[in-house]
Amino acid sequence: MSKSISFDLAFIGSGISSTYTLLHFLNKLDTKNDSSIYHIAIIEKYPTFHTGIPYGERSGSTTLLITSLKNFLPEPELSEFIPWLNENKDWLLKEFLEEGGPLSLEWIQKHKDALEHNQWGDLFIPRRFFGYYIDNKIKSLTRYLEKENQLKVSYIHDKATDMVQKNGLWEVSFKKQSPIVASKVILAIGSLPTNYLWKNKARVNKEHFLLINDPYKPNLSETLQDIGNFVDEQSLVQQLNIAIIGANASGLEMLYQLNDHPEIKKNIHNFFMLSSQGLLPDSKIDESKLLEYETTNLDHLEKKESIQASDIAEAVYKDLDLAENIQLGAASTVGIISQKFGSLLNKLDYDELEKFACLHGNEIGRRQRCAGEHYSNIAKLLGDEDRFVHIAGRFADLQPTSTGYELIYSDKHGKKQKIEQSVNLVINCIGGMKLSHPKTPKILRNLLIKGIIQANKSGIGIKVNESFEAAENLHIMGPLLAGNVLEDKAVWHVEHCGRIISLSETLSDILFNTIQTSKENNFQLEIIDLEDSEGINAYKSLIKSEWDNNPYYVYEHLSHHKSEENKLLAFNFKVGSKSTVIMPMVMRQIELTKEPLFDIISPYGYSGPLYRNETTSGIIGSFWEAIDEWYKKNNVVSEFVRFHLNGNHEGYSGYCVPTLDNVFGKLMTSFEEQWDSFLPKVRNNYRKAAKADLTIKFYEHGEIDRNHVATFYDIYVSTMKRNGASKSLYFSLEHFENLVLSHKESFSIALVYKGEVAVSTELIIHLEDSMFAYLGGTLADYFDHRPNDFLRVEVIRWCIEKGKSHYILGGGINNGDGLYKFKKSLFPNSTDRIFYTGRKIINLEKYNQLSALAGLPFEGLEEVSYFPVYRKTVV
Ligand SMILES: Cc1cc2nc3c(=O)[nH]c(=O)nc-3n(C[C@H](O)[C@H](O)[C@H](O)COP(=O)(O)OP(=O)(O)OC[C@H]3O[C@@H](n4cnc5c(N)ncnc54)[C@H](O)[C@@H]3O)c2cc1C
């Protein structure tokens, strides 16, 4: 049986993409039409969950949104967030102030009025506020649903590295922990990582020089701390220059943060910024110029019947050129241009939409970059002090000088240039890598190499179908959706919170509906009635065809339990249409009351549910849920299960009691080795038996006949009588004949002879590569010759010759008694297996009533108590 946990859903990555998908999903749980618990795994390589890179600890507490709040968060989420902000603003602002520097103080002072009057919409609020909100929101919801028994969430702090599909489930592997399995996986690992600028390390430390290749690794606070330390040390020696490569959101954020740390800022002489356009994102809307501006080229396309993706892109570029000619920036034109080309996209067919998503959307976006004034003001202020230079070009190389490093770049014409002063600190803020990069995250690389997922033509997104699936039951969410057509819309940039919320809503619908359907269709509990020939034949043929005629589960093994009060039935739990768990049981009428009440026990011997090897704990959970549901509907008061030794007690929905240590003898490769391992008493007794000329014979397969069964039976019964064995151990000769002669392939009979007389015996069950000492006995008159030691040693020799792995002897009547010690003396070095019994009260009220009727109060379910207690007197 698989020991891995099986989840309905596993989210890889815990940023807002997975959090919103989960939130929407959980909000639908109220409408689900089954009573099962949904098992969800959330996997995150960093210790904080739900906030991802921008809204959690990795971005610190003082970074601001790149847009105003009302442009960041759509309704109805905005209307929920604002009251939360009003309620929590005191501590939020306190933390912001404590963690921030002069710029943070300035922000609070500038927006004092708005903050006091809860006018948040136009503010570029600290991103961390939103992180706290979303974390709080999802955690309260999961806590509530867990309490309601609708949900179980497992947080896994580890890095997912690979995935394979096994038996219709995804197995996710990790850097550290063992794999998990899930029916569906949502891969939401954010944008592709930053391309390292120079060298292959997150930090490169040289003499008078520090390169930060990824400012958010491990987090922004540590990066700023390292920069602070570096600047502190170096400023004693010389004046320092810094170069930020890239003028996107992170580039601006770094510029802002360095200036919000006075101890860093004061020690930096010049700030250089290198970006391909040499332009900062625009921040100011010029209302009057906007009135003059016309999107001539896009308007022209509106009149055309049939257009292509490239026509729209060309028209956008031309209209952006027109704006540039009148010095009208992106902050002013982004609204009108996006709205115009957005409506033109409706004219494209699927292929052209895909082309737009892959080839044009992001290119247009690069010319439409905007940011808040708080960012551009820093550049302006530094510029006024002659400390800021923005260069158009692409990074090429770094070369050491006596005071730092020379930064070489290619200018707009491809010519190599260098920044006029040596730089000491370089911060890499260029964009993410492409999926073709050899250093893509391991999980993506593995899935791409195996062909499980494919990159689309955008180079930064993964090809998905309309259910956001890159492969069956492997859904993508977040920035990796770029380059797809979803819900008839071209998608090229899934970074904006609003877009993430809207796409995650769609995905959560898909997940919910498919899980519901599969839950409804996949699991089916069939009850096979073993009281009529039709049911018996169906069971027999099922056990033969699907369960390899497992000797502990064949009908002939259980049939002796049948009586007027005891009915036999078997639970057949199907996944899809496949029999996945089988559990024959004895349903007993309870005679203490006239009311039709029953209890259920598993048949004598190792029994309980029989699972397929690959059965996951999720399926096991669903199996027991279905069983318990059936018990409730069928007046079953209690259940008692004797489990097998194969771990089939795991996942039991009742109370599991470790009942008896069982000797689970490991067989060695040679008999000599095994002989040496016996306790001396065994060897002495064996020698005594050999001296008495005892012999042994094994009857197996076709050799077994009625006489062998009868000989076994006589010795067995005499032993039971001598030992005053419990009624449950008396079986009829007919029972053994039916069982053994119908399934000769699974049994052997060992008989020890003194001369012609059979004096000791064992009925052995063969199961896989083990042999089980099922039942046996010895004639008392021959005890002196130690026939039973002889038998066991010879069986061991025989098992070894057959290449068997284990000889399972079972336990005593009680742990540590003489019988157990005798068995253990043969395998002193083997580890015992625990024989578990399971006890479950389905209807506590009736159980208590019955116990009272029997005059035996409910004692609890502990190991010592007889179960069910109301049967104590009537057994
Ligand atoms: C610094 C920064 C600032 C931003 N500012 C704004 C803004 O102001 N406004 C805006 O609208 N958008 C902003 N964005 C855009 C941002 O990408 C999205 O808003 C959003 O955070 C994307 O969410 P996500 O969950 O897809 O990705 P992420 O937030 O990146 O979350 C993905 C998570 O997956 C985890 N992960 C990755 N690989 C594995 C793995 N193999 N196993 C386990 N876990 C893994 C990561 O650790 C991460 O926590 C910003 C982005 C960044 C990086």
Side-chain angles (χ1 to χ4, degrees), residues 194-217 220 223-235 237-261 263-281 369 371 375-376 378-412 414-432:
T194 312
N195 245 326
Y196 281 3
L197 204 59
W198 192 68
K199 309 279 181 200
N200 193 21
K201 271 161 69 181
R203 298 261 197 288
V204 183
N205 232 319
K206 304 265 181 191
E207 203 182 355
H208 309 308
F209 182 75
L210 174 65
L211 164 70
I212 310 281
N213 253 327
D214 185 348
Y216 301 97
K217 201 170 178 179
L220 191 56
T223 300
L224 289 164
Q225 182 83 45
D226 288 354
I227 292 177
N229 293 342
F230 171 79
V231 165
D232 233 19
E233 261 172 40
Q234 295 294 318
S235 61
V237 188
Q238 59 173 329
Q239 276 192 333
L240 299 177
N241 295 318
I242 179 172
I244 295 173
I245 317 298
N248 53 19
S250 333
L252 292 179
E253 185 154 298
M254 287 314 298
L255 187 64
Y256 181 89
Q257 285 293 338
L258 295 175
N259 282 273
D260 199 23
H261 284 73
E263 72 287 2
I264 298 178
K265 183 186 173 185
K266 76 169 194 278
N267 287 322
I268 292 178
H269 183 55
N270 280 325
F271 290 80
F272 295 96
M273 188 169 251
L274 177 72
S275 70
S276 47
Q277 308 276 337
L279 283 175
L280 283 178
R369 285 205 175 119
Y375 282 154
S376 48
I378 305 290
K380 193 170 170 308
L381 283 173
L382 289 170
D384 291 346
E385 296 167 14
D386 271 343
R387 293 170 70 195
F388 182 74
V389 182
H390 197 160
I391 302 163
R394 286 178 185 276
F395 173 88
D397 202 3
L398 283 161
Q399 291 292 339
T401 65
S402 57
T403 54
Y405 268 70
E406 191 171 73
L407 194 149
I408 301 153
Y409 64 92
S410 310
D411 69 12
K412 276 185 171 171
K415 201 167 156 217
K416 289 276 176 335
Q417 305 276 6
K418 61 182 186 193
I419 293 185
E420 70 257 28
Q421 294 169 23
S422 279
V423 292
N424 309 92
L425 181 60
V426 174
I427 305 181
N428 175 17
C429 297
I430 59 172

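The model shown is predicted, which means the values in this text are computed figures rather than measured ones.
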A.B. asks: Going by distance alone, is a donor N or O of one side chain under 3.5 Å from an acceptor N or O of the other, for T403 and H208?
C.D. replies: no
A.B. asks: To the nearest 0.5 Å, tell me how far Y256 OH sits from S376 OG.
C.D. replies: 11.5 Å
A.B. asks: Just checking, is any N or O donor in the side chain of Q417 or D411 under 3.5 Å from an acceptor N or O on the other one?
C.D. replies: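 Checked: Q417/D411 side chains pair up, N/O donor to acceptor below 3.5 Å.
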A.B. asks: One pair to check against side chain to side chain contact (heavy atoms under 4.5 Å, CB included): Y405 and F209. What are the steps and the verdict?
C.D. replies: CA-CA 7 Å; Y405 268 70; F209 182 75; 3.4 Å; yes
A.B. asks: If you round to the nearest 0.5 Å, how far is NZ of K265 from CD1 of I242?
C.D. replies: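 So the CD1 of I242 and the NZ of K265 are separated by 13.0 Å.
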A.B. asks: What distance do S410 atom OG and K415 atom NZ have between them, rounded to the nearest 0.5 Å?
C.D. replies: 11.5 Å
A.B. asks: Has E263 got more than 12 heavy atoms of other residues, nucleotides or ligands less than 6.0 Å from its CD?
C.D. replies: yes
A.B. asks: Between N241 and Q239, do the side chains contain a donor N or O and an acceptor N or O under 3.5 Å apart?
C.D. replies: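 No, because no side-chain N or O of Q239 sits under 3.5 Å from a partner of the opposite role on N241.
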A.B. asks: More than 12 foreign heavy atoms under 6.0 Å from CD of E207: is that the case here?
C.D. replies: no
A.B. asks: Nearest 0.5 angstrom please: E406 CD to K418 NZ, how far?
C.D. replies: 4.0 Å
A.B. asks: Nearest 0.5 Å please: distance from the CZ atom of F272 over to the CG atom of L407.
C.D. replies: 9.5 Å
A.B. asks: For K380, which residues count as a salt bridge (Lys or Arg N to Asp or Glu O under 4.0 Å) partner, sequence neighbours excluded?
C.D. replies: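 Result, salt bridge (Lys or Arg N to Asp or Glu O under 4.0 Å) vs K380: D384.
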A.B. asks: For the side-chain contact (heavy atoms from CB on, under 4.5 Å) test, which of L210, I245, L197, I227 pairs with I427?
C.D. replies: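 Exactly one candidate clears the test, I227.
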A.B. asks: Is there a donor in the side chain of T223 and an acceptor in the side chain of R203, or the other way round, less than 3.5 Å apart?
C.D. replies: yes
